[in-house]
Amino acid sequence: MSDTDVIVVGSGAGGSAVAYRLIEAGLRVRLIEKGERLPDDGSTLDIHKVVHQGAFKSRETWRDGRGRPIVPEEYFNLGGKTKWYGAALLRYGEHEFEADAAHQCLPWPIGYRDLAPYYEEAERLLGVRRFDCEPDLARLLARLNRNGARWQASPLPMGLAPEILADAEEAAHFDGFASVRRLKADAEQAFLGRIGEGRGFELITGAAVARLTPDPTDPRRVIGVRLADGRTFRARHVILAAGAMHSPRLLQRHLEDTGLTSLPAYAQVGRNFKLHLLTAMLAVSTGRKTDLLRKTTLLTNPHLPHSSVQPLGFDGELIGTLVPRLVPRAMARLIGDRAYGFFLQTEDGSHPDNRVVAAANGADASRLDYDARRLEPALREHRRLVRSLSLSLLGAGYLPFSQRIPLHGTAHACGTLVAGDAPARSVVDREGSVHGLAGLSVADGSILPRSSRVNPSLTIYAWALRLADHLAQRLQRQTPA
Ligand SMILES: Cc1cc2nc3c(=O)[nH]c(=O)nc-3n(C[C@H](O)[C@H](O)[C@H](O)COP(=O)(O)OP(=O)(O)OC[C@H]3O[C@@H](n4cnc5c(N)ncnc54)[C@H](O)[C@@H]3O)c2cc1C
């Protein structure tokens, strides 16, 4: 007998959106989240706690492809990484649902049109809006193409409430911080916050799912989960939404425990890991910068079709923290006050050897094997992106400094349980069901076949809403267990 209709594992972008939509469809949902609800005492806006101490980040140690220890920047709390995200909520372009062999990009099994109504719904629920470009950035942009470059600026769709402009502390601390006054639309606020009392929803926090439970008479059917504390729960359907670093490890362990390693999808679990090629750039000039929100504009360039640039939503104090440690702190603050920060991202293609592997056979840690050199076209374009923007900034009268984001910067991790029609080349099908298993789907960023040139969250929210729609119809057709 099932305790509930659906168990959702993880409450980030995918988990919260899928839970919300299933409840709307009249199903009973138990959402199990490893982390706790974040405090609302202001500590999530405190630079010392958040940036210097990293007090809210995961401490889990992994090993990279060469066996060196790394601690990826993951967050375990209600709302997942969306509590900390920069709230840039962009749709993928239509062409980004197609394969792009020259850039090593896989195709989606669905097209833009299949996701379009769910993009619309996600944007409405998240209150996506655009803000005016502020004076310092407008001045910089007006001079950016002086050297003949072709940067195109457009307003950036943001999940921020308009009232944030009247709250200087939150406006300067939303990118990498968690809102206290609910001025940022994150997964908890925009989706879980809409689920009313007594609607068949149960939330369990502070409890990690350790294993999936197979049906004793048919190992190809998943019937529930076991938590790290030993509790077990049953459901008609289980949805993995633990994030692209974690869902593949749960599935890998399950397939190995149940001896289902001959399923074609097993060979693909954890592969095709992507996280964008990322660089942070500071543009320094003599004048003090007083823009408040900063993150208002998206820059693209037709010569760099897999790349985009966003300003960082960082004020002078925060930018000062990006200045290398060997610079005295007073000087770093002086530079910070006169700098604009930018975030440069290039779509990384897929490579089967870029992968997440769960710790097994006595290994002390899971492995994150990712080498950008396996993605030559992406690496070449990213270098051109950094060079082009640096030259344009120099031409505009700004001194650029750049720093590549290292592997532990896993903010945009995705692609490890890739969606596709062929079980031999993918893990989930076009509706998110795991190929070859009954009762198991994936709703988080793991399914993304492409990372695209923009940030992933809006596409994850849309995918999860679509998955829930299809699953609800299927479960409603079946008699409850
Ligand atoms: C600093 C920062 C800035 C970002 N800025 C942007 C941005 O501006 N725009 C954008 O689109 N994206 C941004 N991102 C990325 C975005 O936050 C992620 O792409 C998105 O949150 C991924 O959603 P998800 O559902 O795949 O995973 P997550 O949001 O990571 O959620 C996974 C959840 O599962 C839980 N979990 C893990 N293991 C278990 C387990 N065993 N049992 C139970 N629960 C488990 C985790 O605690 C977590 O709550 C940013 C991320 C960061 C960190």
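Atoms within each ligand, like the ligands themselves, are counted from 1 in listed order. Computed over heavy atoms, backbone and side chain alike; hydrogens, waters and symmetry mates excluded.
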Which ligand 1 atoms, with their elements, are less than 4.0 angstrom from a heavy-atom of [X]?
X	answer
Thr82	17 (O), 21 (O)
Val9	42 (N), 43 (C)
Pro456	11 (O), 12 (N), 19 (O)
Trp84	1 (C), 2 (C), 3 (C)
Gly86	3 (C), 4 (C), 5 (N), 6 (C), 7 (C), 8 (O)
His412	13 (C), 14 (N), 15 (C)
Gly445	26 (O)
Ile460	19 (O), 22 (C), 23 (O)

Could Arg374 and Asp369 be called an ion pair, given the rule that one side-chain N must be under 4.0 Å from one carboxylate O?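 Looking at Arg374 and Asp369, the cut-off is met.
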So, are Arg28 and Glu202 salt-bridged, with charged N and O less than 4.0 Å apart?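 No salt bridge links Arg28 with Glu202.
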Does an N or O from [X], backbone or side chain, lie closer than 3.5 Å to an N or O of ligand 1?
X	result
Gly14	yes
Ser457	yes
Lys34	yes

Who's the nearest protein heavy-atom neighbour of [atom], and how far?
atom	value
atom 49 (O) of ligand 1	Glu33 OE1, 2.7 Å
atom 24 (P) of ligand 1	Asp444 CB, 3.9 Å
atom 31 (O) of ligand 1	Gly12 CA, 3.3 Å

Answer with side chain, backbone, both or neither: which part of [X] has a heavy atom less than 4.0 angstrom from an atom of ligand 1?
X	answer
Ala187	neither
Leu78	neither
Val209	both
Cys414	neither
Leu90	neither

Measure the distances from the heavy atoms of Lys295 to every atom of ligand 1 and state whether one is below 4.0 angstrom.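 Distance cut 4.0 Å: Lys295 passes for ligand 1.
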Is Leu227 in contact with ligand 1, taking contact as a heavy-atom separation below 4.0 Å?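 No heavy atom of Leu227 comes that close to ligand 1.
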Is it true that [Y] and [X] share a donor-acceptor pair across their side chains at a distance under 3.5 Å?
X	Y	answer
Asp348	Tyr370	yes
Tyr461	Glu121	no
Asn77	Glu188	no
Asp444	His246	no
Thr296	Glu134	no
Ser350	Gln104	no

Does the side chain of Thr410 reach to within under 4.5 Å of the side chain of Trp62, using non-hydrogen atoms?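 Heavy-atom side-chain distance check fails, nothing below 4.5 Å.
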Under the salt bridge (Lys or Arg N to Asp or Glu O under 4.0 Å) rule, what do Glu170 and Lys184 come out as? Steps first, then yes or no, please. CA-CA 9 Å; Glu170 290 243 356; Lys184 176 163 81 176; over 6 Å; no
Determine the sole option in Arg59, Met245, Glu60 for which the side chain to side chain contact (heavy atoms under 4.5 Å, CB included) test with Glu74 is passed.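 Result for side chain to side chain contact (heavy atoms under 4.5 Å, CB included) with Glu74: Met245.
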side-chain contact (heavy atoms from CB on, under 4.5 Å) assessment of Leu22 paired with Ile239: CA-CA 11 Å; Leu22 290 169; Ile239 298 180; 3.8 Å; yes
